[in-house]
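Structure first, commentary second.
Residue numbers run from 1 in the order of the sequence given. These figures come from a predicted structure and were not determined experimentally.
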Amino acid sequence: PIAAPVAQAAELLRSLRNSLEITPDADPRATAAMNETFENLVKTPTGRELALEFVASGAKAQVEFDAGDDSTTVITNGRRILGASGGHTHTDENPPRVVLNRHYLDTDPDYRRVQMAATLGHELFGHAFEEQRRKKAGVSHEAGYYYRGDEAGAGLIDWLVQTELGGPL
């Protein structure tokens, strides 16, 4: 029945959020945007699989919004999009801290729905989670970051989530 997958998705979302410390934000749009982003992320096959692994491993992370340097939005093809990086992760902190660009809140909803979920997947699973798996496996920082850090894997997660949400190829 349809109810079973919906209940499973809701339980996964609850479990994932319980693994995270989400910093409250003064902007009332932030909570709704963050909730929608997590929902969209776990709707994708890639996001769902990685969320299950994240929760099962006992991984933790902090998630927050911040504006970032030189960040703004721009109008491109009639849509308001980010004119800067969508986020970054402080993997040197314990737990790692994922920072999403606050200017996502000012972008067009259709852009934000896809791009913010892809950025969250990139940062949370591609950087924060990979760092914790690296440490748990006893792999040195130098070995983990030998070639462009972990950007290749994080970029692939980003691209897959974007594609699975119907974003442009």
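Contact annotation: the side chain of Leu52 never approaches that of Glu49 to less than 4.5 Å [non-hydrogen atoms, C-beta and beyond]. In this structure the side chain of Thr107 never reaches within 4.5 angstrom of the side chain of Gln115, judged on heavy atoms. The shortest side-chain heavy-atom distance between Val98 and Leu20 does not fall under the 4.5 Å cut-off. Put simply, the side chain of Pro96 does not reach to within 4.5 Å of the side chain of His127, judged on heavy atoms. Two residues are said to be in side-chain contact when any heavy atoms from C-beta on lie closer than 4.5 Å; Gln162 and Asp158 meet this criterion.
Between the CG atom in Asp106 and the CG atom in Leu82 there is a gap of 9.0 Å [rounded to 0.5 Å]. For the atom pair Ile75 CD1 and Asp108 CG, the distance stands at 6.5 Å (nearest 0.5 Å). Within the model, atoms CG of Asp150 and CZ of Phe129 stand 12.5 Å from one another, a figure rounded to the nearest 0.5 Å. The distance from the CZ atom of Phe54 to the NZ atom of Lys60 is 8.0 Å, given to the nearest 0.5 Å.
Hydrophobic clustering of Ile, Leu, Val, Met, Phe, Trp and Tyr side chains at less than 4.5 Å, counting indirect connections, unites Met116 with Leu50. By the rule that hydrophobic residues join a cluster once side-chain heavy atoms approach within less than 4.5 Å of another member, Phe125 and Val99 end up as members of separate clusters.
In this view, Arg17 and Asn35 satisfy the side chain to side chain donor-acceptor pair (under 3.5 Å) rule, not counting sequence neighbours. For Glu130, the side chain to side chain donor-acceptor pair (under 3.5 Å) partners at least two apart in sequence or on another chain are Arg133. Residues passing the salt bridge (charged side-chain N to carboxylate O under 4.0 Å, His left out) test with Asp25, sequence neighbours excluded: Arg102. A search for ring-ring contact (aromatic ring centres under 6.0 Å, His included) contacts involving Phe65 returns nothing, not counting sequence neighbours. With sequence neighbours excluded, the residues satisfying side-chain contact (heavy atoms from CB on, under 4.5 Å) with Leu160 are Thr46, Leu156, Glu164. In this view, Thr163 and Trp159, Leu169 satisfy the side-chain contact (heavy atoms from CB on, under 4.5 Å) rule, not counting sequence neighbours. By the side chain to side chain donor-acceptor pair (under 3.5 Å) test, His103 is found to be paired with Ser71, Asn101, residues two or more places apart in sequence or in another chain being considered. Partners of Glu11 under the side chain to side chain donor-acceptor pair (under 3.5 Å) rule, at least two apart in sequence or in another chain, are Arg14, Ser15. Under the rule for a side-chain contact (heavy atoms from CB on, under 4.5 Å), the partners of Thr76 that lie at least two apart in sequence or sit in another chain are Val74, Ile81.
With hydrogens and angles ignored, the 3.5 Å screen pairs a side-chain donor or acceptor of Ser57 with a backbone N or O of Ala59. At least one donor-acceptor pair closer than 3.5 Å links the side chain of Thr44 to the backbone N or O of Leu41.
The stretch residues 109-128 participates, sequence neighbours left out, in these salt bridge (charged side-chain N to carboxylate O under 4.0 Å, His left out) pairs: Arg79-Asp110. The list of salt bridge (charged side-chain N to carboxylate O under 4.0 Å, His left out) pairs with a residue in residues 82-96, not counting sequence neighbours, reads Glu93-Arg97. Sorted by first then second residue, the ring pair (Phe, Tyr, Trp, His ring centres under 6.0 Å) pairs that include residues 72-101, not counting sequence neighbours, are His88-His90.
Side-chain atoms of Tyr104 and Thr119 form a donor-acceptor pair, as typed in the model, at a separation below 3.5 Å.
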